[in-house]
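This structure is a prediction, so every number in the text was calculated from the model and none was measured. Residue indices begin at 1 and follow the sequence shown. As the structure lists them, so they are numbered: ligands from 1, and atoms in each ligand from 1.
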Amino acid sequence: MVIVMKPEATEEQLKEVISKIEELGYKPHVIYGTTRNVIGAVGDERGKFILQSLESLDGVEAVIPILKPYKLASKEVKKEKTVIKVGDVSIGGKEVVIIAGPCAVENEAQIINTAKTVKLMGAHILRGGAYKPRTSPYSFQGLGKEGLELLKKAGEIARMPVVTEVVNPEHVDLVCEYADILQIGTRNAQNFELLKRVGQVQKPVILKRGMSMTIKEWLMSAEYILSEGNRNVILCERGIRTFETATRNTLDLSAIAVLKEETHLPVIVDPSHATGYAKYVPSMAYAAVAAGADGLMIEVHPQPEKAFSDGPQSLNFSSFGRLVENLKLFTSVVEKI
Ligand code: PEP
Ligand code: MN
């Protein structure tokens with residue numbers, strides 16, 4: 001249920017509503033708006049109509065059921081777009097945010113060189129995996145804690161926030177010590193224990209779409225994070241499994257249009273994992289921006305042919321530089337629409 005407060009409702013009246021929601025066994029999530037505040041009351045769906053009684057409290061304008069199964073992620077609860085601030089970078093704002101870096105942190109020179117170069121070329125956030133969820137147990141699994149240390153160091157040198165994947169609920173606190181943004185990968189997008197755990201911290205979370213997930217299921221995964229109290233969720237479309245084999249996955253750009261209707265959360269696109277081939281990355285990056293993506297996540301490696309993982313889809317520095325330059329043509333047009 002959404003409890004809509006009157007524009008003139010006082011802080012005291014808001015507090016009273018919050019405690020009544022808790023008394024009834026529901027969890028209140030206050031969303032502070034510019035003209036009025038609303039409270040999302042989430043919990044057991046079966047008895048939710050008991051919350052209707054809150055309508056008689058002072059300061060309450062209306063109590064409205066949320067029809068969507070995802071509550072806090074839905075626009076029914078919050079109409080304004082969520083803008084997530086990480087350092088000087090705003091995700092979900094006017095600017096298209098570029099996240100760039102290697103699939104995996106491999107060594108100090110690789111990550112520092114990449115950080116400095118992509119920053120110079122216009123990237124806003126540095127990426128790099130320290131814990132890699134690989135399809136084969138024999139593939140490079142990442143440098144673990146050492147990878148986190150190197151990523152953080154590279155981010156500090158290049159003055160960029162950093163994002164890295166967390167694959168295990170037990171690693172969440174450790175990863176939070178080093179990363180500015182946590183990433184949940186496609187293979188863990190329905191690992192509900194992990195989702196709940198990252199919901200209990202306040203670092204922003206990039207939630208990748210599960211490779212076989214519907215948009216609704218994806219938003220339900222976001223709901224797991226939001227309902228634990230972490231409001232800073234960024235959705236990342238990274239391609240889904242289809243019958244097509246010419247690309248690694250199929251980039252579902254229509255998901256951006258659907259998500260813009262359904263949710264207030266920022267949506268970014270990863271054309272690297274979506275296509276699997278460096279040569280297809282730029283055109284899909286431009287298309288994503290034209291479709292309204294709030295940002296891009298792009299794999300960049302100093303020597304893609306020598307990368308420990310995902311070399312074929314990684315851009316080298318000069319291709320990345322060209323992509324960023326060309327992207328400006330698209331961002332300038334999109335802003336005018
Ligand atoms: C990644 O971004 O490094 C990654 C493993 O991506 P995905 O989970 O989308 O495959
Ligand atoms: Mn990768």
Chemist: So do Met220 and Pro69 actually touch side chain to side chain, heavy atoms under 4.5 Å?
Modeler: yes
Chemist: Less than 3.5 Å apart, any donor N or O on the side chain of Asn107 or Gln110 sitting next to an acceptor on the other?
Modeler: no
Chemist: What's in the same ILVMFWY side-chain cluster as Tyr280, cut-off under 4.5 Å, chained through other members?
Modeler: Tyr277
Chemist: Which hydrophobic side chains are connected to Ile91, either touching it within the sub-4.5 Å cutoff or through other members that do?
Modeler: Ile84, Val86, Val89, Val97, Ile99, Ile125, Val163, Ile181, Ile206, Ile234, Ile268, Met297
Chemist: For atom 4 (C) of ligand 1, what is the closest protein heavy atom, and at what distance to 0.1 Å?
Modeler: His273 NE2, 3.4 Å
Chemist: Quick one about His264 and Glu80 (side-chain donor to acceptor, distance below 3.5 Å, no hydrogens or angles considered), yes or no?
Modeler: no
Chemist: So how far is it from Ile31 CD1 to Met5 CE, rounded to the nearest 0.5 Å?
Modeler: 13.0 Å
Chemist: Looking at ligand 1, would Arg209 count as a contact under a 4.0 Å heavy-atom criterion?
Modeler: no
Chemist: Short N/O distance, under 3.5 Å, between Glu165 and ligand 1?
Modeler: no
Chemist: Using modelled atom types and a 3.5 Å cut-off, is there a donor and acceptor pairing between side-chain atoms of Glu244 and backbone atoms of Ala246?
Modeler: yes
Chemist: Take Ser19 and Lys15 through the test side-chain hydrogen bond (donor to acceptor under 3.5 Å, both in side chains) and record every step on the way to the result.
Modeler: CA-CA 6 Å; Ser19 69; Lys15 280 198 189 127; over 6 Å; no
Chemist: Any atoms of ligand 1 less than 4.0 Å from a non-hydrogen atom of Gly185? List them with their elements.
Modeler: 8 (O)
Chemist: Pairing donors with acceptors under 3.5 angstrom, does anything connect the side chains of Gln141 and Arg134?
Modeler: no
Chemist: Any nitrogen or oxygen of Asp270, main chain or side chain, under 3.5 Å from a nitrogen or oxygen of ligand 1?
Modeler: no
Chemist: Looking only at non-hydrogen atoms, which of Lys208, Met297, Met211 approaches atom 6 (O) of ligand 1 most closely?
Modeler: Lys208
Chemist: I need the nearest protein heavy-atom contact for atom 8 (O) of ligand 1: residue, atom name and distance, please.
Modeler: Thr186 N, 2.8 Å
Chemist: Around the Mn ion (ligand 2), how many protein N, O or S atoms are closer than 2.8 Å?
Modeler: 4
Chemist: Please, which pairs that meet ring-ring contact (aromatic ring centres under 6.0 Å, His included) have at least one residue in residues 161-188, sequence neighbours excluded?
Modeler: Tyr131-His171
Chemist: For atom 10 (O) of ligand 1, what's the nearest protein heavy-atom neighbour? Residue, atom name and distance, please.
Modeler: Arg238 NH2, 2.9 Å
Chemist: Which of the numbered atoms in ligand 1 are under 4.0 angstrom from any heavy atom belonging to Lys132?
Modeler: 1 (C), 3 (O), 5 (C)
